Amino acid sequence: MNYTSTRSTASASVSAAEAIKNGLAPDGGLYMPASLPTLTLEEVETLSRLPYAERAAYVLGKFLTDYTREELTQDCREAYSEERFPGGAAPVVNVGDGLYTLELWHGPTAAFKDMALQIMPRLLSRALKKTGETRTAMILVATSGDTGKAALEGYRDVPQVKIQVFYPVDGVSRVQKLQMMTQQGANVSVMAIRGNFDDAQSGVKRIFADAAVAEALDAKGTFLSSANSINWGRLAPQIVYYVSAYCDMVKTGALSLGDTLDVCVPTGNFGNIFAAYIAKKMGLPLGKLICASNTNNVLTDFLETGVYDRNRPFHTTMSPSMDILISSNLERLLYLTCGAEKTAAYMKQLSETGRYALEEADLAAIRAHFVGYSTDEEATAATIRATYTDYAYLADTHTAVGIGAVRRYQKEVGEGTRVLLASTASPYKFAYDVYRSVKGENAEDELRALDQLSAETGVAIPAPLTGMGEREVRFTQVIDAALMTDEVLAFADKV
Ligand SMILES: *Cc1c(COP(=O)(O)O)cnc(C)c1O
């Protein structure tokens with residue numbers, strides 16, 4: 001299986017290992033498989049008898065054809081082990097009234113990013129060997145919170161790889177900041193920058209685009225690589241859990257093999273929901289894909305009108321991982337819908353004007369699969385409270401945005417319609433807002449909120465989030481964004 005760019009099918013195709021190593025195609029597009037593999041109901045039935053790691057190795061094997069089954073099985077067994085995902089990697093919970101949550105946050109950092117970032121470093125490591133790369137890969141990440149910690153945890157102590165993370169000093173929660181400042185591992189570097197997430201993000205983009213930096217790093221035996229969701233190595237592992245959830249629901253009798261299942265995903269960069277779309281295109285019987293947004297509703301408007309317009313106010317919400325105005329992976333959906341040539345034209349308009357308008361037929365094709373809803377802050381808080389009171393289920397702020405969308409969808413198509421909702425973070429990762437929503441009053445502070453929420457609800461705090469206040473702080477440096485390049489070059493000399 002080879003990979004080509006979303007912006008030109010004429011571009012040279014590369015192997016999966018090369019796509020994972022490169023991250024972005026040379027023309028600025030995203031890598032996509034040249035064709036999509038299929039998945040039959042018989043295969044689904046066979047997979048339903050296997051544990052998560054074996055399901056993952058099987059599905060990944062369809063995309064990563066230059067990796068052997070043995071390699072993928074070994075990597076998946078390690079990535080999705082009982083130690084890393086106590087109790088199982090992606091359990092489905094029957095909440096009630098047709099709502100099923102796919103809990104993707106039982107990994108080392110309590111957010112769904114772990115599902116991909118526990119396996120991707122292993123895939124990269126093998127990719128370096130397969131492509132004969134002898135230099136060290138240096139992963140650069142700008143983060144607004146969840147990605148940074150999950151990437152640090154995934155790449156720590158991986159041979160031939162280093163990772164450096166930049167976060168905005170006042171732009172992440174106290175829990176997220178502590179998670180990163182206390183990161184362990186010999187090959188990691190964490191720095192706060194003065195400014196907001198955009199400053200961090202632009203800084204990283206500037207470094208990636210700087211030929212002089214690439215040359216200087218090359219002289220040090222290093223090259224830059226990225227860990228964000230434009231990399232196919234992050235997307236492929238996300239396809240697996242939709243297949244796995246369907247298997248589990250067949251196993252428990254919530255579905256009969258072949259039944260259509262609607263799926264809702266709280267969306268930011270459009271990576272997670274796009275993975276569900278791929279699963280559907282492969283043959284998994286999925287129905288509508290419900291795209292849930294907070295007050296940053298650029299995708300809701302897009303699915304309604306066909307106009308993507310990022311020229312709008314940016315809202316800071318209590319579901320920060322969805323505070324995004326450019327959903328990068330939407331490019332992959334455009335590519336599958338209308339081909340590389342039109343995608344390149346739409347992307348050019350987006351970068352020049354911040355906006356593009358789909359042709360009517362393209363919008364209709366997308367709306368045949370997708371529908372969008374946005375939920376504001378007040379409704380999100382009310383949803384957290386109602387879900388706890390009515391079903392004794394504690395949802396985090398992102399998952400609650402999803403529940404808001406599910407309930408509105410069910411009102412339109414029929415109460416009780418089965419919907420699988422991707423639950424993307426532990427409620428304890430956003431304990432302060434969850435506590436306030438449940439209890440109607442503020443916790444004493446962000447850290448105390450974890451204990452207070454646990455005392456109030458009796459729901460246990462996940463192990464990775466316990467004892468945060470007592471861990472050794474290793475990284476306290478705060479720098480100006482202008483100095484990021486110097487820090488990258490300095491880090492290349494270390495270890
Ligand atoms: C990253 C993230 C999302 C958004 O996922 P995308 O793949 O970017 O759409 C939603 N919720 C949480 C908790 C996240 O960390």
Side-chain angles (χ1 to χ4, degrees), residues 30 90 101-118 120 141-154 167 172-173 175-176 179-180 197 201 226-239 241-242 263-279 289-294 296-300 302-303 317-333 370 372 374-375 380 384 395-405 421-431 433-434 462 464-465:
L30 311 187
T101 51
L102 170 58
E103 294 186 344
L104 301 172
W105 42 262
H106 291 275
T109 76
F112 99 93
K113 306 286 192 292
D114 289 330
M115 295 299 301
L117 283 167
Q118 281 299 308
M120 185 178 163
V141 181
T143 185
S144 56
D146 288 343
T147 303
K149 177 63 184 178
L152 284 163
E153 204 47 49
Y167 68 91
V172 303
S173 78
V175 172
Q176 288 173 321
Q179 276 188 306
M180 290 190 278
F197 173 63
Q201 173 99 307
S226 80
N228 57 29
S229 68
I230 54 171
N231 193 309
W232 184 256
R234 249 186 84 177
L235 241 151
Q238 300 185 171
I239 300 166
Y241 46 71
Y242 293 106
V263 173
C264 177
V265 185
T267 303
N269 236 330
F270 209 77
N272 201 1
I273 194 167
F274 182 73
Y277 181 60
I278 298 273
L289 304 175
I290 304 157
C291 176
S293 300
N294 61 27
N296 294 294
N297 57 359
V298 60
L299 286 167
T300 322
F302 171 73
L303 292 170
T317 74
M318 59 179 163
S319 45
S321 300
M322 299 159 72
D323 292 346
I324 286 180
L325 292 180
I326 296 200
S327 298
S328 315
N329 275 295
L330 195 58
E331 179 168 347
R332 288 189 159 110
L333 176 64
F370 291 88
S374 84
T375 304
T380 302
I384 292 173
D396 99 287
T397 48
H398 304 74
T399 305
V401 168
I403 296 174
L421 167 65
S423 172
T424 50
S426 158
Y428 284 98
K429 194 133 194 203
F430 301 92
D433 288 311
V434 172
L465 296 179

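Just so it is clear, the model here is predicted, and its values are computed rather than measured. We use all heavy atoms of the structure for the numbers below, so side chains are in, but hydrogens, waters and symmetry mates are not. Read the numbers this way: they start at 1 and go in the same order the structure lists the ligands and their atoms.
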Asks: Checking Thr399 against Leu421 for the side-chain contact (heavy atoms from CB on, under 4.5 Å) test, could you report, in this order, the C-alpha distance in whole Å, the side-chain angles of both residues, the deciding distance, and whether it holds?
Replies: CA-CA 8 Å; Thr399 305; Leu421 167 65; 3.8 Å; yes
Asks: Flag the pair Phe270 / Phe370 as yes when their ring centroid distance falls below 6.0 Å, and as no otherwise.
Replies: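 Yes, they do, as the ring centres are separated by less than 6.0 Å.
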Asks: Do Ser426 and Glu103 have side chains that approach each other closer than 4.5 Å (heavy atoms only, starting at C-beta)?
Replies: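 No, their side chains stay 4.5 Å or more apart.
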Asks: Start with the C-alpha gap between Ile278 and Arg332, add the side-chain angles, then the distance that decides, and say whether side-chain contact (heavy atoms from CB on, under 4.5 Å) holds.
Replies: CA-CA 10 Å; Ile278 298 273; Arg332 288 189 159 110; over 6 Å; no
Asks: For ligand 1, list all ligand N or O to protein N or O distances below 3.5 Å, rounded to 0.1 Å.
Replies:
from, atom 1, to, atom 2, distance (Å)
ligand 1, 7 (O), Gly271, N, 3.4
ligand 1, 7 (O), Asn272, N, 3.0
ligand 1, 8 (O), Asn269, N, 2.7
ligand 1, 9 (O), Gly268, N, 2.8
ligand 1, 9 (O), Asn269, N, 3.2
ligand 1, 9 (O), Phe270, N, 3.1
ligand 1, 11 (N), Thr424, OG1, 2.9
ligand 1, 15 (O), Lys113, NZ, 2.6
ligand 1, 15 (O), Asp146, OD2, 2.8
ligand 1, 15 (O), Ser321, OG, 3.4

Asks: Report the C-alpha distance between Gln179 and Leu465 in whole Å, list the side-chain angles of each, state the deciding distance to 0.1 Å, and finish with yes or no for side-chain contact (heavy atoms from CB on, under 4.5 Å).
Replies: CA-CA 8 Å; Gln179 276 188 306; Leu465 296 179; 3.4 Å; yes
Asks: Given the rule in the side-chain contact (heavy atoms from CB on, under 4.5 Å) test, do Leu303 and Cys291 qualify, once you have shown the distances and angles that lead to the verdict?
Replies: CA-CA 9 Å; Leu303 292 170; Cys291 176; 3.8 Å; yes
